[in-house]
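To start, the structure itself, in structure tokens.
Values below: all heavy atoms of this structure, side chains included; hydrogens, waters and symmetry mates excluded.
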Amino acid sequence: MHNIAASLQSVRAEISGAAEAAGRSAKIELIAVSKGQGADAVRAALQAGQTVFGENRVQEAASKFPALRAEFPQLRLHLIGPLQSNKTRKALELFDVLHSVDRMELVQELARHRDLWTGKKFLLQVNTGLEPQKSGLSPHQADHFIAACKKDYQLPISGLMAIPPLGHDPAPHFQMLADIAKRHNLPELSMGMSADFAEAIAYGATMVRIGTAIFGAR
Ligand SMILES: *Cc1c(COP(=O)(O)O)cnc(C)c1O
């Protein structure tokens with residue numbers, strides 16, 4: 001069986017090494033992406049000291065996490081996949097951090113559930129590669145969208161998230177995301193997965209989303 005505790009330890013060591021190489025001292029949050037993994041795998045990671053998890057589907061998270069939260073109250077859950085507007089309330093009930101805010105309709109729906117905003121963090125997803133199959137704002141819309149979220153809905157935006165196109169050099173995508181965040185003074189950058197997290201850290205990632213390198217192949 002895949003050794004989750006050992007993989008976590010080596011991923012954490014690689015994160016520290018990349019942070020040191022980049023001369024960065026601020027904490028980098030490791031999100032263990034548990035999509036496609038059973039509750040036993042999540043429990044093994046929790047027992048190895050990992051408390052932050054990422055899921056890309058509301059339904060899957062709803063079936064796995066309420067029981068785990070009861071068992072491990074320190075657990076924090078991040079939604080890293082696209083959110084359908086009709087699942088907004090459920091997502092706010094289940095997740096602590098939403099990485100995939102990407103359209104006005106969703107912001108309006110979030111605003112209807114302001115009562116559930118306490119303690120939440122919101123990130124906007126940017127489709128840096130303009131891929132039609134991927135969600136996210138197009139980069140040229142981002143400035144206007146960020147301003148509208150703040151002005152019209154008072155949505156507290158913590159930062160930005162992106163998934164660079166598969167098979168391309170991720171560096172220009174990380175750089176683009178970092179540039180947009182900097183223009184708007186947004187502190188959080190959610191970027192970097194199993195294959196490219198060290199590079200994402202060099203470009204300023206504050207949150208890395210890692211599945212395969214921790215849990216093995218899905
Ligand atoms: C699955 C997924 C990840 C983790 O990918 P790995 O390559 O398994 O590390 C990160 N981010 C998002 C948005 C994902 O859907």
Side-chain angles (χ1 to χ4, degrees), residues 1-20 24-83 87-101 113 116-123 125 156 158-163 187-198 200-201 205-218:
M1 193 197 140
H2 185 77
N3 189 332
I4 291 170
S7 303
L8 261 172
Q9 199 173 15
S10 65
V11 165
R12 287 198 193 111
E14 280 182 65
I15 290 172
S16 307
E20 199 171 322
R24 299 191 42 200
S25 52
K27 184 176 172 292
I28 293 163
E29 184 159 56
L30 169 58
I31 303 167
V33 177
S34 51
K35 68 185 186 202
Q37 306 291 341
D40 286 353
V42 178
R43 194 174 284 109
L46 281 156
Q47 280 158 353
Q50 178 65 28
T51 55
V52 182
F53 293 85
E55 286 281 338
N56 66 342
R57 287 162 188 263
V58 174
Q59 215 45 55
E60 182 177 345
S63 72
K64 248 168 19 196
F65 277 88
L68 287 162
R69 268 205 204 260
E71 215 178 315
F72 299 91
Q74 72 278 30
L75 194 159
R76 291 291 172 270
L77 194 56
H78 293 226
L79 177 65
I80 60 172
L83 177 56
K87 294 194 178 138
T88 304
R89 177 169 196 86
K90 188 148 198 193
L92 285 166
E93 286 167 351
L94 273 167
F95 294 93
D96 303 286
V97 183
L98 274 58
H99 291 233
S100 52
V101 179
H113 300 289
L116 298 173
W117 284 8
T118 314
K120 308 285 173 194
K121 272 191 187 179
F122 301 98
L123 282 75
Q125 181 173 355
S158 305
L160 305 177
M161 181 271 235
I163 310 167
E188 302 280 8
L189 279 174
S190 166
M191 56 191 200
M193 313 186 359
S194 292
D196 57 15
F197 67 88
I201 289 169
T206 62
M207 298 173 171
V208 291
R209 312 178 306 265
I210 302 181
T212 314
I214 295 172
F215 294 106
R218 287 178 287 273

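Between Lys64 and Lys35, the shortest heavy-atom contact is NZ-CA, 4.2 Å. The two atoms that bring Lys87 and Leu83 nearest to each other are O-CD1, 3.8 Å, heavy atoms only. Looking at every heavy atom in both residues, Ala61 comes nearest to Leu94 through O-CD2, 4.3 Å. Of all heavy-atom pairs between His113 and Trp117, the closest is O-CD1, 3.6 Å. Nearest heavy atoms, Ala48 versus Leu8: CB-CD1, 3.9 Å. Nearest heavy-atom pair, Leu75 versus Leu46, reported as atom, atom and distance to 0.1 Å: CD1-CD1, 3.9 Å.
With respect to Gln37, the side-chain contact (heavy atoms from CB on, under 4.5 Å) criterion is satisfied by exactly one of Arg218, Glu55, Glu60: Arg218.
A distance of 10.5 Å separates CD in Gln50 from CD in Gln74, rounded to the nearest 0.5 Å. Rounded to the nearest 0.5 Å, atoms OG (Ser34) and CZ (Phe215) are 5.0 Å apart. Distance CE/Met207 to NZ/Lys27: 8.5 Å, rounded to 0.5 Å. For the atom pair NE2 of His78 and CZ of Phe53, the computed distance is 10.5 Å after rounding to the nearest 0.5 Å. Note: Ser10 OG to Ile15 CD1 = 10.0 Å, rounded to the nearest 0.5 Å. Atom OG of Ser194 and atom CD1 of Ile214 lie 7.0 Å apart (nearest 0.5 Å).
Without hydrogens or angle criteria, Thr206 side chain to Leu189 main chain gives a donor-acceptor distance under 3.5 Å. Between the Lys90 side chain and the Ala62 main chain, no donor and acceptor come within less than 3.5 Å of each other. Side-chain atoms of Lys120 come within 3.5 Å of backbone atoms of Leu92 as a donor-acceptor pair (strictly under, hydrogens ignored). Here the side chain of Arg24 pairs a donor or acceptor atom with the backbone of Ile201 at under 3.5 angstrom. Remark: side-chain polar atoms of Arg209 are not paired, donor with acceptor, to backbone N or O of Ile163 under 3.5 angstrom. With hydrogens and angles ignored, the 3.5 Å screen pairs a side-chain donor or acceptor of Asp96 with a backbone N or O of Leu77. No donor-acceptor distance shorter than 3.5 angstrom exists from the side chain of Arg12 to the backbone of Leu30, with no hydrogens or angles considered.
Judged by distance alone, the side chains of Ser100 and Gln125 never bring a donor and an acceptor atom under 3.5 Å apart.
Residue Glu93 qualifies as enclosed at atom CD: its count of foreign heavy atoms under 6.0 Å is above 12. No more than 12 heavy-atom neighbours from other residues, nucleotides or ligands sit within 6.0 angstrom of CD on Glu20. Within a 6.0 Å sphere centred on CZ of Arg57, other residues, nucleotides and ligands contribute 12 heavy atoms or fewer.
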side-chain contact (heavy atoms from CB on, under 4.5 Å) evaluation trace for Glu188 with Glu29: CA-CA 10 Å; Glu188 302 280 8; Glu29 184 159 56; 5.8 Å; no
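For the pair Arg76/Thr51, no side-chain contact is recorded, criterion being any heavy-atom separation below 4.5 Å from C-beta on.
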